[in-house]
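A short write-up of the structure that comes next.
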Amino acid sequence: MQLRMEEWSPAFKKLKFPHETVRNEEQMNNLLGRMMQKIVQETEIKEPTKDQLGTLYDEDVMVYFGDPKWDVHLQVMDRAKIDYHIDFQMYKKKCVLTLTTENWFDSKRELPCSFIFPYRLNRPRLVAEDSVQTVLTDDFILIYDLEPGKTYRMEIEIDK
């Protein structure tokens, strides 16, 4: 979500949705109209989309992965449909992640490739990558803009 907002406009990430009590449709339309104007005024986006407005709203109200009160699981995938594979190797203060895409990998996929680390990494830092865009946290990595039939290698330094 943060990466998408950054791509739309660096100024977009500074905007905050005013979570007001809305009692009717007219008040909701008013609030949405004000937010559309604010996006236009404070970013270079001239015609904000519903997706942009919705993302701004979701940023503060969405329940994220790891909430202990939310029983969430990853969707089980049919192995025949998985179009990439990840190998994860752990060394003393370094992790090496190797991602290989199948020849039939869909490079226009809506969701990025992802990998949940087997345990929480201590202050992970990406130190080497094969020209891919990533989002790295201590729990998982998201990997964008991959091509079919290629292998990508990422090195992650960690504190022990």
Side-chain angles (χ1 to χ4, degrees), residues 1-19 35 38-39 42-45 47-160:
M1 187 181 288
Q2 294 290 316
L3 180 64
R4 184 172 289 156
M5 291 187 324
E6 178 75 27
E7 288 172 348
W8 288 332
S9 166
F12 194 93
K13 289 176 58 176
K14 296 176 185 165
L15 296 173
K16 293 296 173 203
F17 198 95
H19 295 285
M35 283 312 300
K38 192 168 188 171
I39 292 170
E42 298 189 21
T43 72
E44 62 274 6
I45 300 168
E47 294 184 32
T49 65
K50 287 181 182 178
D51 187 37
Q52 290 168 329
L53 190 60
T55 299
L56 192 57
Y57 174 83
D58 288 346
E59 179 189 22
D60 293 330
V61 299
M62 187 174 161
V63 176
Y64 291 102
F65 174 77
D67 183 335
K69 292 185 179 181
W70 187 32
D71 184 21
V72 65
H73 303 279
L74 294 175
Q75 178 182 0
V76 177
M77 297 285 294
D78 178 353
R79 287 191 123 1
K81 294 181 181 178
I82 297 174
D83 56 358
Y84 68 94
H85 302 282
I86 294 180
D87 177 56
F88 178 78
Q89 298 294 319
M90 184 68 200
Y91 303 99
K92 290 181 183 178
K93 288 189 172 187
K94 181 171 77 170
C95 307
V96 176
L97 196 110
T98 307
L99 184 147
T100 304
T101 58
E102 298 292 343
N103 288 333
W104 44 274
F105 177 83
D106 181 6
S107 60
K108 299 200 184 333
R109 62 184 21 226
E110 186 176 330
L111 297 174
C113 294
S114 61
F115 181 76
I116 297 176
F117 300 123
Y119 44 84
R120 190 175 299 252
L121 301 180
N122 188 14
R123 290 186 8 94
R125 299 166 305 280
L126 200 59
V127 293
E129 54 157 296
D130 279 342
S131 65
V132 292
Q133 189 174 21
T134 60
V135 173
L136 176 65
T137 75
D138 56 359
D139 292 322
F140 63 90
I141 188 169
L142 303 176
I143 308 155
Y144 294 83
D145 302 327
L146 302 172
E147 296 178 26
K150 288 189 79 174
T151 298
Y152 300 88
R153 186 174 188 276
M154 288 145 272
E155 289 184 20
I156 303 165
E157 268 186 9
I158 59 170
D159 291 344
K160 272 291 188 182

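Residues: numbered from 1 along the sequence shown. This is a predicted model, so every value here is computed, not measured.
Contact between Gln52 and Pro48 at its shortest, heavy atoms only, is OE1-CA, 3.2 Å. Nearest heavy atoms, Thr101 versus Pro148: OG1-C, 3.4 Å. Taking every heavy atom of both residues into account, Met5 and Lys13 meet most closely at CB-CG, 3.8 Å. Between Leu56 and Lys16, the shortest heavy-atom distance links the atoms CD1-N, 4.5 Å.
Residues satisfying the side chain to side chain contact (heavy atoms under 4.5 Å, CB included) criterion with Glu147, sequence neighbours excluded, are Lys150, Tyr152. Under the rule for a side-chain hydrogen bond (donor to acceptor under 3.5 Å, both in side chains), the partners of Ser9 that lie at least two apart in sequence or sit in another chain are Glu44. Residues meeting the side-chain hydrogen bond (donor to acceptor under 3.5 Å, both in side chains) test with Thr137, sequence neighbours left out: none. Listed by chain and residue number, nothing satisfies the salt bridge (charged side-chain N to carboxylate O under 4.0 Å, His left out) test with Glu42 (two or more places apart in sequence, or in another chain). Asp138 meets the salt bridge (charged side-chain N to carboxylate O under 4.0 Å, His left out) test with Arg120; sequence neighbours excluded. A search for side chain to side chain contact (heavy atoms under 4.5 Å, CB included) contacts involving Asp159 returns Asn122, Arg123, Arg125, not counting sequence neighbours. For Arg4, the side-chain hydrogen bond (donor to acceptor under 3.5 Å, both in side chains) criterion is met by no residue, not counting sequence neighbours. Asp106 is linked by a side-chain hydrogen bond (donor to acceptor under 3.5 Å, both in side chains) to nothing, counting only residues two or more places apart in sequence or in another chain.
From Tyr144, atom OH reaches atom OG of Ser107 across 15.5 Å, with rounding to the nearest 0.5 Å. Atoms OG1 and CG, from Thr134 and Asp145 in turn, are 10.5 Å apart once rounded to the nearest 0.5 Å. The distance from the CG atom of Leu15 to the OG1 atom of Thr43 is 6.5 Å, given to the nearest 0.5 Å.
The shortest side-chain heavy-atom distance between Ile86 and Leu97 falls under the 4.5 Å cut-off. No side-chain heavy atom of Pro112 sits less than 4.5 Å from a side-chain heavy atom of Ile143. Here the side chains of Asp51 and Trp8 are in contact, with some heavy-atom distance below 4.5 Å. Using a 4.5 Å heavy-atom cutoff, the side chains of Pro124 and Ile158 are in contact. Between Glu6 and Phe12, every side-chain heavy-atom pair lies at or beyond the 4.5 Å cut-off.
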Evaluate the criterion side-chain contact (heavy atoms from CB on, under 4.5 Å) for residue pair Asp139 and Ile116; output intermediate values, then yes/no. CA-CA 6 Å; Asp139 292 322; Ile116 297 176; 5.5 Å; no

Leu126/Glu155 under side-chain contact (heavy atoms from CB on, under 4.5 Å): CA gap, chis, key distance, verdict: CA-CA 6 Å; Leu126 200 59; Glu155 289 184 20; over 6 Å; no

Quick one: do Tyr84 and Leu146 satisfy side-chain contact (heavy atoms from CB on, under 4.5 Å)? Show the steps, please. CA-CA 10 Å; Tyr84 68 94; Leu146 302 172; 5.9 Å; no

Please evaluate residues Leu99 and Phe115 with respect to the criterion side-chain contact (heavy atoms from CB on, under 4.5 Å), reporting the C-alpha separation (whole Å), side-chain torsions for both, the decisive distance (0.1 Å), and the verdict. CA-CA 10 Å; Leu99 184 147; Phe115 181 76; over 6 Å; no

May I have the list of side-chain donor-acceptor pairs in residues 88-96 shorter than 3.5 Å, sequence neighbours left out?
unit_1, atom_1, unit_2, atom_2, d
Gln89, NE2, Asp87, OD1, 3.1
Gln89, NE2, Asp87, OD2, 3.3

